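Take a look at the structure below.
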Amino acid sequence: MIITMHTFGLAVLVGASTAVDLRVLGVGRQLPISSLSGFFMVMWAGFWLNAFTGVLLFAADPRTTVLFTIKLLSVAVAVGLILVIRRALANGPTTVTPAARTYAVISLLMWVIATTTGRLMAYL
Amino acid sequence: MDVLGEMMTSVLAATSIDESVVSYLKSTAFSHFVVNTPWVWPLAETLHFLGLALLFGAIGPLDLRLLGFMKHLPVSAFRALVPWAVAGFSLNLVTGLVFLIATPDQYMSNISWWLKALFLVIAGLNVLLFELTQRDKADALPLGSGTPAVLKVIGSVSLVSWFMVLVWGRMLAFLGNAF
């Protein structure tokens with residue numbers, strides 16, 4: 001049940017963050033940048049759900065493997081980028097800055113790494 | 001668990017006709033390749049999880065809009081994300097078929113898989129209902145006004161059924177013996 005909630009949290013956090021990253025990269029331009037605040041609220045809900053269930057899962061099986069370390073680092077960078085991207089968009093610019101695009105690409109990459117290493121922990 | 005056990009037994013009885021399909025799929029070169037190549041299964045699982053994140057992230061905002069949230073934005077703006085939901089779903093359909101063809105018995109004999117399939121069908125019919133009968137009406141909704149009951153139902157059914165697809169997919173490993 002805890003791992004199911006962890007997967008659901010992944011869907012919410014990574015899903016909402018990916019949606020914002022895609023918007024920054026030009027998908028769905030009809031969505032005004034200023035309207036994305038709801039997405040960030042959803043992300044934090046997913047983040048806290050996964051921080052909580054993640055701690056429980058780690059307590060049940062406390063092994064600090066290389067994969068686990070990479071996962072935590074990539075999550076930390078991705079979560080930091082949520083804050084950075086939010087700030088970059090906070091002024092509601094009509095055009096997205098090149099820097100914000102770079103953050104969005106790195107964010108997508110970090111989620112791929114975090115999801116991959118998280119999943120591989122079950123097999124390696 | 002007794003109830004689930006009985007359900008599993010009755011599902012198994014109802015699907016025993018699939019035995020020949022199961023043994024055929026297990027005999028294919030593809031099944032042997034997936035089962036015997038160490039990296040294939042973890043790779044497909046990883047892609048399956050990235051696909052689910054894409055699907056949820058793209059379809060969740062639209063569902064919330066149909067429920068009446070963020071009504072200052074047009075429904076059509078949220079539908080811009082739908083191709084990404086289709087991409088996530090397609091990725092998961094392909095990787096899901098890899099799992100199913102490689103080890104059909106661990107799914108056919110698992111009540112979780114049948115429940116997952118049930119909710120997949122519900123979610124799919126719900127998408128059809130929206131696309132065929134409600135999409136244009138949803139696009140034409142005036143900004144700022146609430147959404148009609150039928151759209152609230154479609155949005156709710158979508159959120160709940162995709163959530164149940166995820167839950168029963170995850171439960172495969174715990175109610176049965178799927179890996």
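Keep in mind that what you see is a predicted model, and the values were worked out from it rather than measured. Below, all heavy atoms of this structure are taken into account, side chains as well, without hydrogens, waters or symmetry copies.
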Original post:
Going from CZ on A:Arg119 to CG on B:Leu43, what distance comes out if it is rounded to the nearest 0.5 angstrom?
Top reply: 12.5 Å
Original post:
Are side-chain heavy atoms of A:Phe8 and B:Val167 found at a separation under 4.5 Å?
Top reply: no
Subject >> Contact leader toward chain B among A:Ile3, A:Thr18, A:Val42, where contacts are heavy-atom pairs under 4.5 Å >> reply: A:Ile3
**OP:** Kindly work out whether a path of hydrophobic side-chain contacts (I/L/V/M/F/W/Y, heavy atoms less than 4.5 Å apart) joins A:Val27 to A:Trp111.
**Re:** no
Subject >> Which atom of A:Ala19 lies closest to which atom of B:Gly57, heavy atoms considered >> reply: CB-O, 3.8 Å
**OP:** Mind checking the CH2-OG1 spacing from B:Trp168 to A:Thr4? Nearest 0.5 Å is all I need.
**Re:** 9.0 Å
Original post:
Should we say atom NZ of B:Lys152 is surrounded by more than 12 heavy atoms from elsewhere, each under 6.0 Å from it?
Top reply: yes
Original post:
Got more than 12 heavy atoms from elsewhere within 6.0 Å of CH2, A:Trp44?
Top reply: yes
**OP:** Calculate, to the nearest 0.5 Å, the distance between atoms OG and NE2 belonging to A:Ser35 and B:His72 respectively.
**Re:** 5.5 Å
Subject >> Structural part of A:Val112 lying under 4.5 Å from a heavy atom of chain B >> reply: both
Subject >> B:Phe69 with B:Ile59, same ILVMFWY side-chain cluster at under 4.5 Å >> reply: yes
Subject >> Contact class of B:Leu54 relative to chain A, heavy atoms under 4.5 angstrom >> reply: side chain
Original post:
Within a reach of under 6.0 Å around CZ of A:Phe58, are more than 12 heavy atoms found that belong to other residues, nucleotides or ligands?
Top reply: yes
Original post:
Hey, what do you get for CE (B:Met70) to CG (A:Leu36), rounding to the nearest 0.5 Å?
Top reply: 9.5 Å
Subject >> Reported CG-to-CG distance for the pair A:Leu10 and B:Leu50, which is rounded to 0.5 angstrom >> reply: 8.0 Å
Subject >> Contacting moiety of B:His48, where chain A heavy atoms sit under 4.5 Å >> reply: neither
Original post:
Would A:Tyr103 end up clustered with A:Leu73 when hydrophobic side chains under 4.5 Å apart are linked, directly or stepwise?
Top reply: no
**OP:** Determine, stepwise, if the pair B:Phe56 / A:Val12 fulfils side chain to side chain contact (heavy atoms under 4.5 Å, CB included).
**Re:** CA-CA 7 Å; B:Phe56 274 74; A:Val12 171; 5.7 Å; no
Original post:
Is there a chain of hydrophobic side chains (I, L, V, M, F, W, Y, each step under 4.5 Å between heavy atoms) that links B:Leu129 to B:Val121?
Top reply: no
Subject >> Region of A:Leu22 that comes under 4.5 Å of a non-hydrogen atom in chain B >> reply: side chain
Subject >> Residues in residues 73-86 of chain B that sit under 4.5 Å from chain A, counting heavy atoms only >> reply: B:Leu73, B:Ser76, B:Ala77, B:Phe78, B:Ala80, B:Leu81, B:Trp84
Original post:
Do the side chains of B:Leu159 and A:Met5 join up, straight or via other hydrophobic residues, at under 4.5 Å, putting them in one cluster?
Top reply: yes
Subject >> Region of A:Thr116 in contact with chain B, defined by heavy-atom distances below 4.5 Å >> reply: both
Subject >> Engaged part of B:Phe163 at the chain A interface, taking heavy atoms whose separation is under 4.5 Å >> reply: side chain
